[in-house]
Amino acid sequence: MTQDPARQSELKKMELCESCAGIQRNWRRAPGHAELVQRGNRKEERDHGTVTITRYQCDRCGTAWEYENDKTDQRAGWSVVGR
């Protein structure tokens, strides 16, 4: 398998700051951190009803996060969605 330099550069840019690296992903009710700024939210339908997904962006490293608030799924929560 070859190492694509463009892909390696893209992955390097996704380094998380220390605060973002400490966020527990995919666990409902896990805390974020103080430098996350809310950027909006949306509703999505699931089999059991509607859930709210809120988008955040870190002021320090620029990482974009989404928090899924699904009270029926303990594995919902924080996920990285890009820059």
Side-chain angles (χ1 to χ4, degrees):
M1 187 165 117
T2 62
Q3 296 293 330
D4 179 12
R7 178 69 177 148
Q8 292 302 315
S9 176
E10 178 183 334
L11 290 173
K12 193 172 197 176
K13 291 178 190 174
M14 277 301 297
E15 291 181 14
L16 303 177
C17 67
E18 188 176 313
S19 297
C20 281
I23 293 176
Q24 184 177 5
R25 298 181 197 184
N26 303 313
W27 196 254
R28 195 170 68 80
R29 298 184 68 189
H33 68 78
E35 293 173 284
L36 291 175
V37 178
Q38 187 173 336
R39 298 291 185 203
N41 61 40
R42 68 182 187 279
K43 304 278 187 187
E44 286 191 6
E45 289 296 321
R46 300 284 192 264
D47 292 337
H48 59 275
T50 304
V51 298
T52 301
I53 299 176
T54 307
R55 188 170 181 95
Y56 294 85
Q57 186 164 11
C58 178
D59 265 353
R60 189 187 309 177
C61 67
T63 302
W65 290 87
E66 285 187 345
Y67 182 82
E68 182 176 335
N69 189 14
D70 183 349
K71 293 179 175 149
T72 64
D73 183 3
Q74 186 64 37
R75 295 288 181 185
W78 292 103
S79 58
V80 173
V81 293
R83 282 266 184 222

Point to revise | Side-chain (Gln57) to main-chain (Gly62) donor-acceptor, under 3.5 angstrom | key: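 Yes: the side chain of Gln57 pairs with the backbone of Gly62.
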Exercise for review: Please step through side-chain contact (heavy atoms from CB on, under 4.5 Å) for the pair Ser19 and Cys58, ending with a clear verdict.
Suggested key: CA-CA 9 Å; Ser19 297; Cys58 178; 5.9 Å; no
Review point. Going from CH2 on Trp65 to OG1 on Thr54, what distance comes out if it is rounded to the nearest 0.5 angstrom?
Key: 14.5 Å
Review point. Which pairs with one or both residues in residues 49-65 pass salt bridge (charged side-chain N to carboxylate O under 4.0 Å, His left out), sequence neighbours excluded?
Key: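 Checked against salt bridge (charged side-chain N to carboxylate O under 4.0 Å, His left out) - neighbours excluded - the pairs reaching residues 49-65 are Glu35-Arg60, Arg55-Glu66.
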**Study point:** Sequence neighbours excluded - ring-ring contact (aromatic ring centres under 6.0 Å, His included) pairs with any residue from residues 34-62
**Key:**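 Residue pairs passing ring-ring contact (aromatic ring centres under 6.0 Å, His included), neighbours aside: Tyr56-Trp78.
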Check your understanding: Partners of Glu44 by side-chain hydrogen bond (donor to acceptor under 3.5 Å, both in side chains), sequence neighbours excluded?
Key -> Arg42, Arg46
Check your understanding: Would Val51 end up clustered with Tyr67 when hydrophobic side chains under 4.5 Å apart are linked, directly or stepwise?
Key -> no
Check your understanding: Going through the distances and angles, do Thr63 and Arg83 end up as a side-chain contact (heavy atoms from CB on, under 4.5 Å)?
Key -> CA-CA 5 Å; Thr63 302; Arg83 282 266 184 222; 3.4 Å; yes
Check your understanding: Please walk me through it: do His33 and Cys20 pass side-chain contact (heavy atoms from CB on, under 4.5 Å)?
Key -> CA-CA 7 Å; His33 68 78; Cys20 281; 3.3 Å; yes
Determine all donor-acceptor pairs shorter than 3.5 Å in which one atom belongs to a side chain in residues 21-30; sequence neighbours excluded.
from  : atom 1 : to    : atom 2 : distance (Å)
Arg28 : NE     : Asp70 : O      : 3.4

